[in-house]
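Everything below concerns the one structure shown next.
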Amino acid sequence: MARVLIPFSTLDDGVRAVRRLLEEPRDSRLDVELLAIVDPLTSGKVAVFVSRAQAEAQSCAAATRWIAQLQQLLSAAGVRNQARVAVGPVRETLRSAGARADFDRVLLGTRTRGLLGRVRRQLVAHRMHRPLVSVS
């Protein structure tokens with residue numbers, strides 16, 4: 001349980017997951033990887049008028065700000081951490097993260113309500129092939 005992956009696509013999800021982690025009994029070997037997942041809005045998805053490159057740059061800049069806030073929380077608690085931004089659809093990003101063998105569990109900060117949310121959580125857990133903890 002020393003290596004934890006926290007994938008998130010909104011700052012609120014990331015904060016919920018980090019706070020939950022910090023409430024747990026501390027393992028001195030704890031090492032956290034923050035994975036900010038952004039899927040830039042471009043024409044065709046919604047009525048926006050920016051280029052793909054500009055949308056990606058704006059999304060990555062926002063994710064970098066989210067990461068800085070989360071790393072500040074983790075560092076203040078003395079938790080080793082690293083972070084990265086992944087650009088693309090959440091499902092594909094989770095699928096490729098699930099193929100990695102360098103973490104022990106996944107902590108999601110997503111809020112899910114109702115049956116569909118529970119099913120979605122189970123699908124994520126199945127894709128990740130790891131113990132999955134989600135925070136509501």
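Hydrogens, waters and symmetry mates are skipped; everything else that's a heavy atom, side chains included, is used. Index from 1, following the sequence.
A donor-acceptor pair under 3.5 Å links the side-chain atoms of Arg26 to the main chain of Ala77, judged by distance alone. In terms of modelled atom types and a separation under 3.5 Å, the side chain of Asp104 and the main chain of Ala2 share a donor-acceptor contact.
A salt bridge between Arg3 and Asp31 is present, with a side-chain N of the basic residue lying under 4.0 Å from a carboxylate O of the acidic one.
Across Pro89 and Asp39, no two heavy atoms sit closer than the pair CA-OD2, 3.7 Å. Nearest heavy atoms, Ala17 versus Leu108: CB-C, 4.1 Å.
Heavy atoms of other residues, nucleotides or ligands lying less than 6.0 angstrom from CD of Gln58 number more than 12. The 12-atom threshold is exceeded at CZ of Arg80, counting heavy atoms of other residues, nucleotides or ligands nearer than 6.0 Å.
Rounding to the nearest 0.5 angstrom, the gap separating the OG1 atom in Thr10 from the CZ atom in Arg16 is 6.0 Å. Between the CG atom of Leu34 and the CG atom of Leu73 there is a distance of 9.5 Å, given to the nearest 0.5 Å. Of the inter-residue distances, the one linking Leu35 atom CG with Gln82 atom CD reads 11.0 Å to the nearest 0.5 angstrom. Atom-to-atom distance recorded for Leu5:CG and Asp102:CG is 8.5 Å, nearest 0.5 angstrom. The structure places CG of Leu70 at 9.5 Å from CZ of Arg19, a figure rounded to the nearest 0.5 Å.
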| message | Assess the residue pair Phe8 and Val18 against the criterion (side-chain contact (heavy atoms from CB on, under 4.5 Å)); give the C-alpha distance rounded to whole Å, side-chain angles, the decisive distance to 0.1 Å, and a yes or no. | response | CA-CA 10 Å; Phe8 60 96; Val18 167; over 6 Å; no

| request: For Leu30 and Leu21, run side-chain contact (heavy atoms from CB on, under 4.5 Å): C-alpha distance rounded to whole Å, both residues' side-chain angles, the deciding distance at 0.1 Å, then the answer. | output: CA-CA 10 Å; Leu30 183 62; Leu21 181 71; 4.2 Å; yes

| request: Walk me through it: do Leu94 and Ile37 pass the test side-chain contact (heavy atoms from CB on, under 4.5 Å)? | output: CA-CA 9 Å; Leu94 288 174; Ile37 305 170; 4.2 Å; yes

| query | Can Asn81 and Ser75 be said to form a side-chain contact (heavy atoms from CB on, under 4.5 Å), step by step? | reply | CA-CA 8 Å; Asn81 63 84; Ser75 296; 3.6 Å; yes

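Contact check for Val87 versus Ser59: no side-chain heavy atoms found under the 4.5 Å cut-off.
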